[in-house]
Structures are given as structure tokens and as C-alpha cells.
Amino acid sequence: MHKAILVLAIAAALCAGTAAFAQDTGASATAAQSAATSDKAAQLDKFYDDFWEATLKLNPVEATYVGDPRYNDQLPNFLSKDYIDETNRFNEEWLAKAKAIGSDGLSGQALLSYDIFIKQQQDAIDGERFHNEYLPIDQFNNLALLAVQLGSGSDAQPFQTVKDYDNWLARAGKIPVMLDQAITNMQEGVKLGIVEPKVLMVKVVPQFDAVIKAKPEDTVFWGPIANMPKDFSDADKARLTDAYRHLIADQLMPSYQRLRDYIANDYMNHTRDTVGYDALPDGKAWYAYQVRTQTTTDETPDQIHRIGLAEVARLKKKMDALRARVGFKGDLNAFFHYLNTDPRFTFKSEKALLDGYNSVYAKVEKGVPRDFAIEPKAKFEIRPVEAYRAQSAAGGSYQPPSEDGKRPGIFYVNTYDLPSRKNWEMEDLFLHEAIPGHHFQLSIQQEQTGLPKFRRFGGFTAYIEGYALYCETIGYELGMYTDPYQEFGQLQNEQFRAMRLVVDTGLHSKGWTRDQAINYMLDNSAMSKTDVIAEVERYIAMPGQALAYKTGQMKITELRARAAKELGKKFDVRAFHTELLKDGALPLAVLETKMDAWVDSQR
């Protein structure tokens, strides 16, 4: 991995600390310099606080998701040129302000925060040349479905007080403007040749059809009224019920219908048959940017593709060895078919699936203390994915808790197409999404109140997803995977992430078709066709993001192996994990520098 110069500066600061000032000619000079450094660090702490406040004001939905209620009634037109221009100015102005303060004399956490801030802002500015606003709707991520989640009463938007209900009335009243803007932007994208693949958009129409209902009471948006707190006055209940009925019938449903009809009757005729970003204007550079920012490395798509091919081959050998160990007589593809079709590996009901994950929870809790001395305070829950988005959602996902802890972390389990959900993947998926994976890492990060909030609530996908995948691989030492089929689940899901390196780069830089990607994944894993199709279409919609998982896991695994080798008997896995988690998500090069410095301190 190529390291930026800033990483070398961080390494020197973390390893040397205040020793950098040992050559000063006198105590007075040292004291003066230390005071100046302290003042700069304090100035930057105030700067980061101001930046975070400005960020939440600019993006009130982000404030809602972190649990800050001040802007719960606000919804900017995220897709408008004015908002995009404002965001670009915001990024450029805050980067200039940070550079004006500078990093001279900073060390330790102060330098770490500064350089992470510079990288994040520069990445955002570098992305200004690429026009995501012309691709506002796809089957995996779009603001229209985000609004449905917020208004359902079961997501981040609170519905506990009368003010909460009035906040949503005000926020939701702005949704039609944003959805109409999506139509305008897609029309502009058609003119410029920046359009979505048809294979994605045919999945969007059914999503909208699931949202659009003739009666307000039948919509997901009616959830807050159906579950209105009993302590509201009769007058408030009547007023809010009437207001929500008019909001849904007169504003929301017509705007969703307009967008749905535009996509189905007009936009669909302009969608493309190609699937890769390299087919779009400036697409090769666009994809290269996605790869760089998602992996936080300088590796090229071709390098990542080759790494993926090698990992797929390695893991396939391990799966074949397990096939032989359990006594299966057919070849590996026959073994995959058996795992996907034998009724012993399926769930009889949604309740049985959810109960299964709760039993895994109890088992994991017993093993965690062996490897972890640090745990989050926040609680978490297991919930099924909502029906309206389940068809295109991943098998499992995680939503972090609110800052105040009132909203727990949520492990969403997809119960759509129940026969495709296999019990042999339960332990592995739980380790990734919940404990000690995302729930540990993201909650602990939020709870580090000494860190600037842009670090507590931000992060880098390669670290976040790489750590969660790493947690799958340590299940053995946590007492998991005692059943050989659960062990297969671990190998299968690591293979799943290795295949992503091949498929994502294949789709977006090597001219692979959707069918080619699907067949590759089916040939090299036991994934069901339902899951494979959803995943391949996710990679088409979110280029580069899927590369982060294996890239991050391989780096963390490498760092642990290096630490264990260099420290020998002094290596303490619990201390390693504390150091790994305590500073939140970092770019991989920065993480490597930090962990190498920690190893030096443990000798």
C-alpha cells in the first residue's frame, strides 16, 4: 500500500510524542512551543465543534439519525442545484479554514483528527466533478424510500410527543418538492447521457407500487397515527389524524405517483443496457474515484481484481476441504446445491428465523470477554427488514443507535423469500452486523466523547466494513462455528466478500455484464440466486462500495498477525482490540501507522 506523506507525519508524532522538542535550546523555548501547540489544539477542537454544528444545520436528516432533534422539522431539497452549490462551497470553505490553522506542532490525537479532516474534505471536493444528482433513484438507495422509512414511525424520526408529530408534518410537507426535483434531474441526466441501467430501474417501480395506496390508512406513512401515544389529548389526536390524512392523500401520494409514472412511462425508455460506470461520461475517472475513496488505498481496479481472483481460489479450496470433511460425496458445486436446497438448512417461519438469531446472541455474549476488554454501553435490537424494501435489501444490515441511547442499534434481518435464508449463515452474519462487529465498533466510536463529532459519527467504509468482516474470521476463538455447517457459513461469507473484488471491478472497469457477474458468483459460492441477483444489482448501483470489506479485513488481519509476531508472548488480543477500536474508523494507511506505533509501545 502506498502511504501518503501525512501518514508519515502521524507516525512520527505518535511514536515520538513530545520528544520531538528535545533539541530545543532551552526550557523557555520548549514551554513556549508547548503552549502554542496547546492553543492550536484547543483552537481546532472549537473548529471541529463549529464544523459539526454547521454540518447538522446543512444536513438536518443526518442530525435526526445521530439523535439530535433540533432540525427534525426540516428537509432541504438535497437534489437542487442551489443545495449542491451550497454543499460544495461548504466543503471548500471549511477545508480552507482548516489549512489556515495548519498542523505545525500537533501530535497524537490532535494531528490524527486534523489529517483525517483534511482527507475527508479533500475527498468531498474531488468528487464535485461527478454528478450523482443526475442518478437520484435506484433500487438500493434513494431519497424517496428514505423518506418512507423516516415517516413510518419505526425509524430515526421520533414520534413520541405532539411536537414530534408536528415536526414530521413540516418535514414531510417538503417531500414533494424533492421528488419533483428528482424528475427534473433525471430529465437532465437523459440529455447528458448519465442514466441508470434498465435492470435497476425495473426494480424501482414495484418499490413505489408498494408505497402508493389509495387510502392513507393503508400506507406506511400511517404508522405514526396507528401507534399514536395514548396520553395525547383528544383534540391533538383529532387534529393530527386529520392533518396526516390530508398530508398523505393530497401531498405525498400524488408526488410518489408522479415520480413512479415518470420512471415507468418515460425514463425507462432512456435507461441503458450497459451496467458499468465505465460506460458513462467520465465514467472511468468516476469509478477510480469511488475505488480510492471507498478503499482508502491507491490500489487500481485491476490490482484489486487480481487480489480478488487469488482470494476466491484460496477460499474455494478451504470450502472443498470442508465438503470432504463432512463426508459429502459429490463435487463442490453439488455441495453448494445441497446446502441451498436441503430443508434442514431453512426456517419454517419468520419467527423461527428471528428466534434463531436471538439464540446466536446468547452464545456470542459468552465468548466475547475472551477477546474484548471494551464493549459499548448502547443496547441493540433484532428486527425484520420492512416489507416494502425487503426484495432489494441485503440479507442483514445494521443501523447505529442515537447519540443519547434512546434509540438502540438495530440489526435488520431480511425475511423476504424465506427459503433462501439459510441457518448455516446465522452465526457469521450476527458476528458481522451485531456483536462484536458493527454494533461494537460504531457504538463504541459514538461513545468516545473525547473525539471530535465528525469522527464519532463519521468514518471510512474500508475500516468499518473491514472490521466487521474481520469479526467473522475470529468467531472460532469466540467459541462459534462448532458446527461444521456454521463453519462453512464463515467461509462462504468471506468468499462472498472476496468475489466482490472480482465482480465489482469486472462490472465497472472490465465490461462484465450482469449475467456474467451473477454466474461467476453462483459458480464460486453457495449463495442463492435470489441473494446473488440482489447483490450484483447492488454493486451496479453502488460502484466501489463493495470493495471496502475485503480490503479492510485483509489489512486488519495483517496488522494483527504482525503484532502477534513482533510481540510474541507480550501480545494481548484484548489490548489489540481496544487499540483497534478506541479511535474510531480511520483510513487504512493511518490505521496501519497507529497500530505499528502501538506495537512499538508494547515492547
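Keep in mind it's a predicted model, so treat the numbers as computed, not measured.
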Measuring from [X]:[atom1] to [Y]:[atom2], what's the distance to the nearest 0.5 Å?
| X | Y | atom1 | atom2 | result |
| --- | --- | --- | --- | --- |
| L431 | E433 | CG | CD | 10.5 Å |
| Q109 | I116 | CD | CD1 | 8.0 Å |
| Q74 | N59 | CD | CG | 11.0 Å |
| F460 | L586 | CZ | CG | 7.5 Å |
| L112 | D583 | CG | CG | 6.0 Å |
| L79 | Y134 | CG | OH | 11.5 Å |

Please examine the side chains of [Y] and [X], heavy atoms only from C-beta on, and report whether any two atoms are closer than 4.5 Å.
| X | Y | result |
| --- | --- | --- |
| Q251 | H246 | no |
| N77 | Y83 | no |
| L418 | T346 | no |
| L95 | Q122 | yes |
| D73 | D166 | no |
| Y539 | Q545 | no |
| P401 | K379 | no |
| W168 | R171 | yes |

Considering all heavy atoms, the nearest [X]-[Y] contact:
| X | Y | answer |
| --- | --- | --- |
| Y398 | G409 | OH-CA, 3.5 Å |
| V364 | I435 | CG1-O, 3.5 Å |
| L252 | A172 | CD2-O, 3.6 Å |
| T461 | A548 | CG2-CB, 3.5 Å |

Among F457, W94, F454, ring-ring contact (aromatic ring centres under 6.0 Å, His included) partner for W52: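 Of the listed options, the one satisfying the test is F457.
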Please confirm whether the backbone N or O of [Y] pairs with a side-chain atom of [X], one donor and one acceptor, at under 3.5 Å?
| X | Y | result |
| --- | --- | --- |
| E188 | T184 | no |
| Y256 | D209 | no |
| D164 | Q160 | yes |
| K215 | A249 | no |
| Q157 | N72 | yes |
| Q290 | P543 | yes |
| R514 | E537 | no |
| K406 | E403 | no |
| Q445 | R456 | yes |
| N414 | V385 | no |

Between [X] and [Y], do the side chains contain an N or O donor and an N or O acceptor separated by less than 3.5 Å?
| X | Y | result |
| --- | --- | --- |
| Y65 | D155 | yes |
| D266 | H270 | yes |
| N185 | Q181 | yes |
| S402 | D404 | yes |
| D417 | T530 | yes |

Under-4.0 Å salt bridge between [X] and [Y]:
| X | Y | answer |
| --- | --- | --- |
| R421 | D531 | yes |
| R383 | E381 | yes |
| D236 | R239 | yes |
| R70 | E53 | yes |
| R89 | D85 | no |

Is the distance between the ring centroids of [X] and [Y] less than 6.0 Å?
| X | Y | result |
| --- | --- | --- |
| F51 | F90 | yes |
| Y165 | F232 | yes |
| F47 | F117 | yes |
| F411 | H439 | no |

Next item on the list: Could you walk me through whether D504 and R500 pass the salt bridge (charged side-chain N to carboxylate O under 4.0 Å, His left out) test, one step at a time?
Entry: CA-CA 6 Å; D504 194 286; R500 286 174 164 181; over 6 Å; no
Is there a side-chain hydrogen bond (donor to acceptor under 3.5 Å, both in side chains) between Q257 and D261? Walk through the geometry before answering. CA-CA 6 Å; Q257 187 72 52; D261 289 346; 3.0 Å; yes
Inset, instruction - Assign the ring pair Y289 / F130 to parallel, tilted or perpendicular, where the plane angle (0 to 90°) is split at 30° and 60°. - result: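 Ring orientation of Y289 relative to F130: tilted.
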Once the angle between the rings of Y470 and Y467 is folded into 0 to 90°, is it parallel (under 30°), tilted (30 to 60°) or perpendicular (over 60°)? tilted
Show which side-chain atoms of residues 218-226 pair as donor or acceptor with protein atoms under 3.5 Å away, not counting sequence neighbours.
residue : atom : partner : partner atom : Å
T219    : OG1  : P216    : O            : 2.8
T219    : OG1  : F221    : N            : 3.3
T219    : OG1  : W222    : N            : 3.4

Item to complete: Please lay out, stage by stage, how M527 and E535 fare under the test side chain to side chain contact (heavy atoms under 4.5 Å, CB included).
Response: CA-CA 10 Å; M527 291 179 68; E535 287 296 328; 4.0 Å; yes
Original post:
Stepwise, does the side chain to side chain contact (heavy atoms under 4.5 Å, CB included) test hold for F430 with M480?
Top reply: CA-CA 11 Å; F430 188 94; M480 312 302 286; over 6 Å; no
For atom NZ of K582, is the number of surrounding heavy atoms from other residues, nucleotides or ligands below 6.0 Å larger than 12? yes
- [ ] Go through F347 and Y357 one step at a time and tell me if the ring-ring contact (aromatic ring centres under 6.0 Å, His included) criterion holds.
- [x] CA-CA 11 Å; F347 299 93; Y357 277 104; 7.0 Å; no
For D138 and M542: C-alpha separation, side-chain torsions, deciding distance, then whether side chain to side chain contact (heavy atoms under 4.5 Å, CB included) applies. CA-CA 9 Å; D138 63 56; M542 301 174 65; 5.5 Å; no
Test side chain to side chain contact (heavy atoms under 4.5 Å, CB included) on I444 and Q448; report intermediate values, then the result. CA-CA 6 Å; I444 289 170; Q448 301 306 301; 3.6 Å; yes
Kindly indicate, with the supporting measurements, whether the criterion salt bridge (charged side-chain N to carboxylate O under 4.0 Å, His left out) is fulfilled by K363 and E427. CA-CA 9 Å; K363 185 176 179 181; E427 292 185 2; 3.1 Å; yes
